[in-house]
Amino acid sequence: FRVNRQSQLRNGGSEFAQINVNTAGYDDRITRGHNPLRLPPSFNTFFEGTRPRQGHWGFGWGFGTNRNGIGDDREVGFAGHLAPTYYVNDALNIEFYLYGERSPQWVLWQHDNLIGTFDEALYEFDASVNWNFSPRQELRVKLQALGLDARAEQAWRVAPDGTPVPSAEHIHDFSLSNLGFQVRYRYEIKPLSDFYIVYGRGGDLFNEFSQDPGRAVAHRFDLRHSEQ
């Protein structure tokens, strides 16, 4: 069952809200061809909005909740973002994007019919500069940094009928850091014909241990020696 509403506001902004309720069912993809996993009923909600530019600032935001996963003790997870934009003038702006989420029962496949549930948290920070300094020239600089932490909660074996059965097998905590940086210059030679110069740098780091996602984001610049 799904219901949503989208609104265009008189001030030029917009709003979108959605509620989604799922009945119990089966996921036949998560175990990579092994026993399909039976999932209990779940729900998620989401609300987002934008406010048009007023003076030098424009804003976007969003917030959501969910109750996914398996087992009887599932907690409600959440996610939210804030996206302000600062307009230096009509040709130059600076965008920021802050995002955070927590999924108390994130289900991940391990091998054969073994799956694990993790308490996952993720933080993301993006920034970009957009400069249209002539009708035919554009410069964009983008930075993205991400930190993810997943603490192992429980291992499960999926029975032939799809029932998840708790297992004493060990599954590992893990964490992930990612950094991306790009500079892109565009020159319009003629309509529908553009010349680009792009420089990119970044990398990612996977650890088989838990790490606070905020600290993982703070350490993201340690990845600057890994070029792509």
Side-chain angles (χ1 to χ4, degrees), residues 2-20 29 44-66 78-101 103 122-148 176-206 213 216-228:
R2 176 179 297 171
V3 58
N4 59 57
R5 176 175 178 175
Q6 185 169 4
S7 303
Q8 297 296 324
L9 307 181
R10 293 180 179 178
N11 65 2
S14 64
E15 292 180 349
F16 177 81
Q18 177 172 288
I19 299 174
N20 190 70
R29 296 178 299 174
N44 61 72
T45 66
F46 183 70
F47 174 79
E48 67 176 357
T50 61
R51 195 194 77 176
R53 175 180 173 182
Q54 295 183 6
H56 289 288
W57 288 97
F59 287 96
W61 63 89
F63 182 78
T65 63
N66 67 80
F78 63 87
H81 74 266
L82 179 65
T85 301
Y86 181 76
Y87 295 88
V88 179
N89 51 48
D90 291 340
L92 174 63
N93 66 71
I94 305 171
E95 298 177 327
F96 301 95
Y97 180 80
L98 303 172
Y99 176 81
E101 71 173 35
S103 298
L122 180 147
Y123 297 149
E124 179 182 340
F125 170 75
D126 301 351
S128 64
V129 177
N130 307 290
W131 186 19
N132 297 299
F133 53 92
S134 82
R136 301 175 63 180
Q137 296 184 83
E138 173 188 86
L139 179 67
R140 291 188 175 184
V141 181
K142 294 186 177 183
L143 171 71
Q144 180 184 67
L146 179 149
L148 179 148
L176 174 69
S177 299
N178 181 275
L179 172 70
F181 176 75
Q182 183 187 87
V183 179
R184 189 187 76 173
Y185 168 78
R186 181 182 69 86
Y187 177 79
E188 182 182 4
I189 300 173
K190 60 182 180 179
L192 302 179
S193 181
D194 298 309
F195 172 75
Y196 288 91
I197 298 176
V198 180
Y199 170 78
R201 188 168 186 172
D204 56 70
L205 177 66
F206 178 84
V217 172
H219 289 168
R220 65 195 181 277
F221 294 106
D222 294 338
L223 303 173
R224 63 186 181 276
H225 300 298
S226 176
E227 293 193 52
Q228 296 179 352

Side-chain heavy-atom pair [X], [Y] within 4.5 angstrom cut-off:
X      : Y      : value
Leu176 : Leu122 : no
Asp90  : Arg53  : yes
Asn4   : Phe16  : yes
Tyr199 : Tyr185 : no
Asn44  : Phe46  : no
Glu15  : Phe47  : yes
Phe133 : Leu92  : no
Leu179 : Ser177 : no

So which heavy atom on [X] is nearest to which on [Y], and how close?
X      : Y      : result
Gly100 : Tyr123 : CA-CD2, 4.1 Å
Trp57  : Pro84  : CZ3-CB, 4.0 Å
Arg184 : Val198 : CG-CG2, 3.5 Å
Lys142 : Ser128 : CG-CB, 3.8 Å

Separation of [Y] [atom2] from [X] [atom1] (nearest 0.5 Å):
X      : Y      : atom1 : atom2 : result
Arg136 : Lys190 : CZ    : NZ    : 11.0 Å
His81  : Tyr97  : NE2   : OH    : 5.0 Å
Arg2   : Ile19  : CZ    : CD1   : 12.0 Å
Leu148 : Ser103 : CG    : OG    : 9.0 Å
Asp194 : Tyr187 : CG    : OH    : 10.5 Å

message = For the CH2 atom on Trp61, are there more than 12 heavy atoms of other groups (residues, nucleotides or ligands in this structure) within a distance under 6.0 Å?
response =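 More than 12 heavy atoms, drawn from other residues, nucleotides or ligands, come within 6.0 Å of this atom.
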key: Residues which pass salt bridge (Lys or Arg N to Asp or Glu O under 4.0 Å) with Arg140, listed by chain and number, not counting sequence neighbours   =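 Arg140: salt bridge (Lys or Arg N to Asp or Glu O under 4.0 Å) contacts with Glu138.
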ask   = When you check the side-chain N and O atoms of Gln8 and Ser14, is any donor under 3.5 Å from an acceptor?
value =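 Looking only at side-chain atoms, Ser14 and Gln8 do not form any donor-acceptor pair under 3.5 Å.
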task = Would you kindly say whether Tyr99 and Glu101 are connected by a side-chain donor-acceptor distance under 3.5 Å?
result =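 Yes, side-chain donor-acceptor contact under 3.5 Å.
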task = Would you please test Phe125 and Leu98 for side chain to side chain contact (heavy atoms under 4.5 Å, CB included) and show each step?
result = CA-CA 5 Å; Phe125 170 75; Leu98 303 172; 3.2 Å; yes
task = Assess whether side chain to side chain contact (heavy atoms under 4.5 Å, CB included) is satisfied between Asn93 and Glu95, documenting all intermediate values.
result = CA-CA 7 Å; Asn93 66 71; Glu95 298 177 327; 3.6 Å; yes
ask   = Using 30° and 60° as the class limits, which term best fits the ring planes of Phe63 and Phe78: parallel, tilted or perpendicular?
value =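 Ring orientation, 0 to 90° scale: parallel.
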Pair Asn66-Asn20, side chain to side chain contact (heavy atoms under 4.5 Å, CB included): steps then yes or no = CA-CA 9 Å; Asn66 67 80; Asn20 190 70; over 6 Å; no
request  = Could you walk me through whether Glu124 and Gln144 pass side chain to side chain donor-acceptor pair (under 3.5 Å), step by step?
outcome  = CA-CA 7 Å; Glu124 179 182 340; Gln144 180 184 67; 3.1 Å; yes
task = Using the test side chain to side chain donor-acceptor pair (under 3.5 Å), find all partners of Asn11 that sit at least two apart in sequence or belong to another chain.
result =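 Once residues adjacent in sequence are excluded, Asn11 has no partner under the side chain to side chain donor-acceptor pair (under 3.5 Å) criterion.
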Side-chain donor or acceptor of [X] paired with backbone N/O of [Y] under 3.5 Å:
X     : Y     : answer
Ser7  : Leu9  : no
Asn89 : Ala91 : yes
His56 : Tyr86 : no

